[in-house]
Amino acid sequence: MWTQWEPLRPQTPFTAFALRETLDGGQAFRWAYLESENCWQGTWSNHLAQLRLAPDQTLQYRAPSPNQSTDAQALQDYLLLDFDWAARTDQLPWRSDSHLKIAIDAFPGLRLLNQPFAEALLCFMCSATKQIPQIKIMCDNLANSLGDELLPGGPHALPSWNQIAQASEDALRKLGLGFRAKNIKKTADLIAQKPGTLDAIESLPYDDAQAHLLEFPGVGSKIADCALLFGARKYEAFPVDTWILKVLEKRYGLHGWSKPQLEQFGRVHLGPHAGFAQQFLFAHERALR
DNA sequence: AGGCAGGTGGCCA
DNA sequence: TGGCCACCTGCC
């Protein structure tokens, strides 16, 4: 039912710790660790894959067989295996920012995924005032109820926005989306009315892309920046959530700053990879909870 | 039992 | 602009 384990060759190697934090640290909500198989299983687009580190630390993957387009190329795109993450990390301003250095040292090997833009937007619309386990349940409900089946009797893909548009707001509420259902339904209708909208937004420069995302109901600067950072490789996006808010207040002394001011501070102080730095700060602060 | 959680949008000064 | 609050739901 599954292919043999095949090796992947990341430019920057993974550790078990980095793999966990990257797949299940809050940037994606579609990965789960299978204790029985000692591997991670996840979905994106219509891909289903399992990942593990071999005893010699080689990253390996396998996919359902046959008839699966999930191959090394698909993994390479999603995991950004060609990226030199070590070099990107080194480019962050840790030399002049001791707190950032602490966060980076605490999460060696952390990197960003390249999720499908539509899925990142959907998952983060679900994330409003929810904790990670609850967000995962909402995404799972959406997938199982509205998305394509990826393996007979097995996991489903997240639904496309068109598939969501077919559902009623009430049906979405029954999936546990709560007040997010109305916004997600409205956004789905807007996207379904204008095919290609998301592709167009994704191809815009960061500022323009964010401005367009903000037109969707239920999408503010935080959710927009998450979608752009995790789903469109806009690394200057700097999502300010409650954790980052704490970091900026406590560690950077920015008490009383408004949200837009904090967002601006992050982009200016942390530079063109502010969002990547944000992921370290986020992981570090959350670990202290 | 009441408060709160990876936010957003509306309303009011 | 800045502050306050409702909004679903589940978990502590």
Side-chain angles (χ1 to χ4, degrees), chain A residues 20-31 103 107 110 112-113 115 119-142 144-145 158 164 167-191 210-232 234 237-251 254-266 270 274-289:
Chain A
R20 168 176 294 273
E21 190 59 31
T22 301
L23 297 178
D24 202 25
Q27 58 174 304
F29 303 98
R30 296 293 290 154
W31 289 88
F107 288 88
L110 178 61
L112 299 176
L113 298 169
Q115 300 176 59
E119 294 188 359
L121 178 60
L122 175 61
C123 292
F124 281 95
M125 287 190 76
C126 291
S127 76
T129 64
K130 280 293 176 190
Q131 299 179 80
I132 291 174
Q134 296 306 313
I135 302 167
K136 285 176 127 180
I137 290 171
M138 285 189 263
C139 292
D140 226 33
N141 290 344
L142 277 165
N144 293 335
S145 167
L158 283 169
I164 296 171
S168 66
E169 180 191 327
D170 193 53
L172 295 176
R173 280 183 183 265
K174 288 190 168 64
L175 301 179
L177 300 195
F179 64 80
R180 301 154 199 82
K182 180 185 287 186
N183 293 329
I184 288 173
K185 172 61 176 167
K186 282 187 182 167
T187 296
D189 289 340
L190 287 169
I191 292 171
Q210 203 221 32
H212 282 276
L213 286 178
L214 294 180
E215 293 173 7
F216 293 124
V219 179
S221 61
K222 192 275 180 183
I223 290 174
D225 276 5
C226 284
L228 292 169
L229 179 61
F230 303 127
K234 309 291 186 195
F238 186 74
V240 175
D241 57 32
T242 58
W243 294 103
I244 295 301
L245 187 61
K246 281 181 208 166
V247 174
L248 294 176
E249 286 182 345
K250 282 196 320 198
R251 317 282 183 183
L254 307 182
H255 302 278
W257 287 44
S258 72
K259 180 110 173 292
Q261 286 172 328
L262 293 172
E263 291 163 347
Q264 180 68 6
F265 170 84
L270 297 168
F276 185 33
Q278 180 268 2
Q279 201 60 18
F280 284 103
L281 298 174
F282 173 82
H284 175 62
E285 196 67 20
R286 204 163 64 91
L288 300 179
R289 170 180 42 165

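Just so we're clear, the structure is a prediction, and the values are computed from it rather than from any experiment. Throughout, protein chains are lettered first and strands after them, A, B, ... in sequence-line order, and every chain is numbered starting at 1.
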Below 4.0 angstrom from OP1 or OP2 of B:dG7, is there any side-chain N or O of A:Lys259?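 A:Lys259 to B:dG7 OP1/OP2: no side-chain N or O under 4.0 Å.
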Indicate whether OP1 or OP2 belonging to B:dG6 is found under 4.0 Å from a side-chain N or O atom of A:Gln131.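 Yes, within the criterion.
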Go nucleotide by nucleotide along DNA chain C from the 5' end; which of A:Lys174 and A:Ser258 gets its closest nucleotide reached first?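 It is A:Ser258, whose closest nucleotide lies nearer the 5' terminus.
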When we call it a touch if two heavy atoms are under 4.0 Å apart, what does [X] touch: a base, just sugar-phosphate, or nothing?
X	answer
A:Phe216	sugar-phosphate
A:Pro217	sugar-phosphate
A:Gly256	nothing
A:Gln261	nothing
A:Ile137	nothing

Measure from [atom1] on [X] to [atom2] on [N] and round the result to the nearest Å.
X	N	atom1	atom2	result
A:Asn183	C:dA6	CG	P	18 Å
A:Phe238	B:dG7	CZ	P	15 Å
A:Arg173	C:dT9	CZ	P	6 Å
A:Asp225	B:dG6	CG	C1'	13 Å
A:Lys182	C:dA6	NZ	P	16 Å
A:Trp257	C:dG2	CH2	P	12 Å
A:Met138	C:dG10	CE	P	10 Å
A:Leu177	B:dA5	CG	P	20 Å

Measure the [atom1]-[atom2] distance between [X] and [Y] for me, rounded to the nearest 0.5 Å.
X	Y	atom1	atom2	value
A:Thr129	A:Ile135	OG1	CD1	9.0 Å
A:Leu113	A:Gln27	CG	CD	4.0 Å
A:Leu175	A:Cys139	CG	SG	11.0 Å
A:Met138	A:Arg180	CE	CZ	4.5 Å

Residues 238-248 of chain A side chain polar contacts: donor-acceptor under 3.5 Å, at least two apart:
{"from": "A:Asp241", "atom 1": "OD1", "to": "A:Trp243", "atom 2": "N", "distance (Å)": "2.8"}
{"from": "A:Asp241", "atom 1": "OD1", "to": "A:Ile244", "atom 2": "N", "distance (Å)": "2.8"}

Between A:Glu119 and A:Arg30, does any NZ, NE, NH1 or NH2 come within less than 4.0 Å of an OD or OE carboxylate oxygen?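 A:Glu119 and A:Arg30: not salt-bridged.
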Considering only side-chain heavy atoms of A:Gln134, which listed nucleotide, B:dT8, B:dG6, C:dG10, is closest?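 That would be C:dG10.
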Kindly point out which of C:dG10, B:dG6, B:dG7 is positioned nearest to the side chain of A:Thr129?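 The answer is B:dG7, which lies nearest to the side chain.
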[M] and [N], which share atom name [atom1], separated by this distance in whole Å:
N	M	atom1	result
B:dT8	C:dC11	P	24 Å
C:dA6	B:dG3	C1'	15 Å
B:dG6	C:dG2	P	25 Å
B:dC4	C:dC5	C1'	15 Å
B:dG9	C:dG10	P	24 Å

May I ask you to verify whether the side chain of A:Lys130 and the base of C:dT9 hold a donor-acceptor pair under 3.5 Å?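 Such a pair is found, so the answer is yes.
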Got a donor-acceptor pair under 3.5 Å from the side chain of A:Arg180 to the base of C:dC8?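 By the distance-only test, yes, there is a pair.
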For DNA chain B, the residues among residues 276-289 of chain A that have a non-hydrogen atom under 4.0 Å from it: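 Of all residues in residues 276-289 of chain A, the ones placing a heavy atom under 4.0 Å from DNA chain B are A:Gln278, A:Phe282.
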Measure the acute angle between the ring planes of A:Phe124 and A:Phe230, then classify it against the limits of 30° and 60° as parallel, tilted or perpendicular.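 Judged by the thresholds at 30° and 60°, the geometry between A:Phe124 and A:Phe230 is parallel.
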Find which nucleotide of DNA chain B each of A:Gln27 and A:Leu214 is nearest to by heavy atoms, and output the residue with the more 5' nucleotide.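 Nearer the 5' end of the strand: A:Gln27.
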Watson-Crick or G-U wobble mate for B:dG3, both contacts under 3.5 Å: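 Because both required distances fall under 3.5 Å, B:dG3 counts as paired with C:dC11.
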Could you pull out the closest heavy-atom pair between A:Asn183 and A:Pro217, with the gap in Å?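 Looks like CB-O, 3.3 Å.
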Set of side chain to side chain donor-acceptor pair (under 3.5 Å) partners for A:Arg20, sequence neighbours left out: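 Listed in chain order: nothing, the list is empty.
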Between C:dC7 and A:Phe179, is there a base-stacking contact, meaning the centre of the base's six-membered ring lies under 5.5 Å from the residue's ring centre while the planes stay under 30° apart?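 The base of C:dC7 is stacked with A:Phe179 (centres under 5.5 Å, planes under 30°).
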